[in-house]
Amino acid sequence: MLIRNGVLVGAEGQRRLDLRTRAEKIVEIAEGLTPEPGEEVVDASGLLVLPGFIDTHVHFRDPGGTHKEDFLSGTQAALAGGVTTILDMPNTQPAVTGREQLNEKAALAAAKAVVDYGLYLGATPENVEEAAGLANEVAAMKLYMGSSTGSLLVTEFAPLYRHFSTFPHDKPLVVHAEDEQSLQYFGALARPQSLASSTNHNQVRPPLSAQIALSRALAIAEKTGRRLHIAHTTTQRELELIQEAKQKGVRVTCEVTPLHLFLTEEDQQQKGNLGKVNPPLRSREDQQALWRLFDSIDTIGTDHAPHTLEEKRQPYAQAPSGIPGVQTMLPLLLNAASQGRVTLQAVIERCVTNPARIFGLSTKGALEIGKDADIVLIDPQKEYVITNEQMLSKCGWTPFAGTHIKGMIEQVYVRGALGYVRGTCIARAGSGKSVVYTQSC
Ligand code: NCD
Ligand code: ZN
Ligand code: ZN
């Protein structure tokens with residue numbers, strides 16, 4: 001296939017170049033390429049040509065929660081959002097904590113996925129050795145220092161330290177950094193008012209809890225010399241602590257979600273449980289700090305965490321935390337780029353280049369010869385409004401319904417095959433493949 005007349009966008013900048021794919025790979029990039037006999041030609045005049053986005057943080061609920069998402073609906077939503085690779089979190093039912101659950105989930109993903117995928121292993125107080133033994137088969141290990149959706153949790157020092165020191169040091173350990181003891185304390189204080197749907201989640205799970213857990217994780221990472229990736233960083237203080245640790249040589253990287261870039265605690269107050277997520281939507285000051293310190297963010301991941309409207313309509317205390325987002329990340333960031341808040345290059349660095357580097361996805365990560373032909377064609381001029389109806393997630397809602405977006409995803413290719421075209425997924429269930437991991441750095 002030959003994609004002609006488009007503007008290629010990478011982490012280094014934009015170039016008007018043609019791009020040729022063959023047998024799932026990018027094989028040629030040059031000016032003025034001429035079609036070969038019988039070659040399919042895509043005219044990308046006026047369009048931007050982006051590498052497929054890599055979302056290293058999704059919860060596709062398969063198995064155990066397939067009434068709200070499964071590998072087919074979740075990956076279709078990803079594809080429609082220009083995300084051609086996802087890494088799925090382990091807090092499914094059963095949680096992925098060992099060989100058996102990993103094999104079960106791998107079979108489900110292989111049968112249903114329409115984008116490429118990798119799986120996480122979840123840490124428990126008991127699975128230190130087993131987890132380390134499975135490291136080569138997973139994208140990373142996920143460790144919850146504070147309880148969130150699902151049962152995974154490690155709070156005691158001994159298993160925490162043993163996971164940090166035993167799990168292969170060059171493989172990312174991804175941490176949900178909220179401190180359980182302080183969550184319990186502030187949660188108990190909030191209980192009397194927690195039947196009201198307008199309870200401020202940011203006070204129930206305050207920034208202090210994130211700061212305590214992060215400090216603990218950084219100290220243990222420094223001591224053990226291991227790699228650490230902080231999931232959903234939400235506050236200025238956390239970004240400062242991570243920056244300081246990096247300067248000292250701690251092998252730490254961090255993720256920020258579009259939710260925390262685009263929404264605040266005021267939105268949670270207004271949206272009620274639809275804005276309930278862990279860690280919570282933060283103050284306007286913290287949100288602005290994420291933009292101001294954008295350079296220090298390594299990855300943007302969605303934390304796509306679908307729950308049904310019915311589940312969300314329960315009282316505050318019972319309603320599950322989590323918000324869908326895999327389909328809206330690229331549109332929101334494109335729109336921010338069109339407003340001049342950020343450059344597309346900086347977005348691609350955080351949504352493609354760095355995720356591939358950090359998680360060792362060496363066949364992904366750039367529009368370059370030899371890489372998988374994961375390609376997104378964008379019309380930068382087209383405008384539209386996000387609606388719940390556009391969402392392909394089974395949960396059927398987005399907190400961004402009503403948001404005006406400039407820049408539209410026209411076509412998405414996974415390893416050279418057209419999977420999505422203007423509103424319609426045409427990819428076949430099972431066409432997504434497991435990613436391969438190489439030594440990450
Ligand atoms: C996530 C979920 O629902 O799986 N919820 C959330 O609020 N982020 C779990 C998690 O990542 O903490
Ligand atoms: Zn989390
Ligand atoms: Zn999550």
Side-chain angles (χ1 to χ4, degrees), residues 55-70 74 78 86-96 105 118-123 139-155 172-180 183 187 199 201-202 204-205 209-210 213-214 217 228-235 238 254-261 263 265 267-268 271-282 299-309 311-312 314 316-326 329 355 393-395 397-399:
D55 188 351
T56 61
H57 189 160
V58 303
H59 301 266
F60 280 169
R61 312 298 189 205
D62 203 353
T66 53
H67 62 289
K68 43 190 164 190
E69 204 75 289
D70 66 12
I86 59 96
L87 302 181
D88 185 60
M89 285 293 173
N91 61 333
T92 35
Q93 286 169 3
V96 180
K105 188 182 268 194
L119 305 179
Y120 278 86
L121 203 61
M141 180 159 63
K142 174 70 176 289
L143 189 148
Y144 285 86
M145 296 177 78
S147 46
S148 189
T149 306
S151 55
L152 291 171
L153 188 62
V154 180
T155 58
L173 172 61
V174 179
V175 169
H176 178 122
E178 286 185 287
D179 168 66
E180 182 64 14
L183 294 181
T199 300
H201 199 48
N202 191 26
V204 179
R205 299 178 72 118
S209 298
L214 173 63
L228 173 67
H229 186 63
I230 306 298
H232 39 46
T233 314
T234 55
T235 62
E238 287 168 279
C254 68
E255 169 197 78
V256 167
T257 79
L259 296 169
H260 298 97
L261 282 168
L263 301 173
E265 62 183 339
D267 295 296
Q268 189 260 307
K271 293 175 194 294
N273 295 333
L274 294 187
K276 185 181 179 195
V277 60
N278 304 332
L281 300 177
R282 301 297 196 190
T299 67
I300 299 177
T302 65
D303 192 9
H304 177 82
H307 297 288
T308 64
L309 286 171
E311 290 162 340
K312 284 290 199 181
Q314 298 172 94
Y316 167 80
Q318 281 91 51
S321 295
I323 301 177
V326 73
M329 168 168 67
S393 166
K394 277 194 192 179
C395 75
W397 63 276
T398 165

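Along the sequence shown, the residues carry numbers beginning at 1. Remember, it's 1-based here, ligands and their atoms both numbered in the order they're listed.
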*State the count of protein N/O/S atoms located less than 2.8 Å away from the Zn ion (ligand 3).*
3
*On the 0 to 90° scale, with breaks at 30° and 60°, tag the His57-His232 ring pair as parallel, tilted or perpendicular.*
tilted
*Using salt bridge (charged side-chain N to carboxylate O under 4.0 Å, His left out) as the criterion, list what pairs up with Asp88, not counting sequence neighbours.*
Lys105
*Glu180: partners by salt bridge (charged side-chain N to carboxylate O under 4.0 Å, His left out), with sequence neighbours left out*: none
*Quick one: are Arg61 and Pro306 in side-chain contact, heavy atoms under 4.5 Å?*
yes
*asked:* Do Leu119 and Val96 make a side-chain contact, defined as non-hydrogen atoms from C-beta onward lying under 4.5 Å apart?
replied: no
*For the pair Glu265 and Arg282, find out whether any cationic side-chain nitrogen is under 4.0 Å from an anionic carboxylate oxygen.*
no
*Identify the two heavy atoms, one from Val154 and one from Ala123, that lie closest to each other, and give their separation to 0.1 Å.*
CG2-O, 3.7 Å
*Tell me, which residues have any heavy atom less than 4.0 Å from some atom of ligand 1?*
His57, His59, Arg61, Asn91, Tyr144, Ser148, Thr149, His176, His232, Val277, Asn278, Asp303, Ala305, His307, Ser321, Gly322
*With the side chain counted from C-beta on, respond yes when Ser147 and Glu178 share a heavy-atom pair under 4.5 Å apart, and no when they do not.*
no
*Please examine the side chains of Ile323 and Leu274, heavy atoms only from C-beta on, and report whether any two atoms are closer than 4.5 Å.*
no
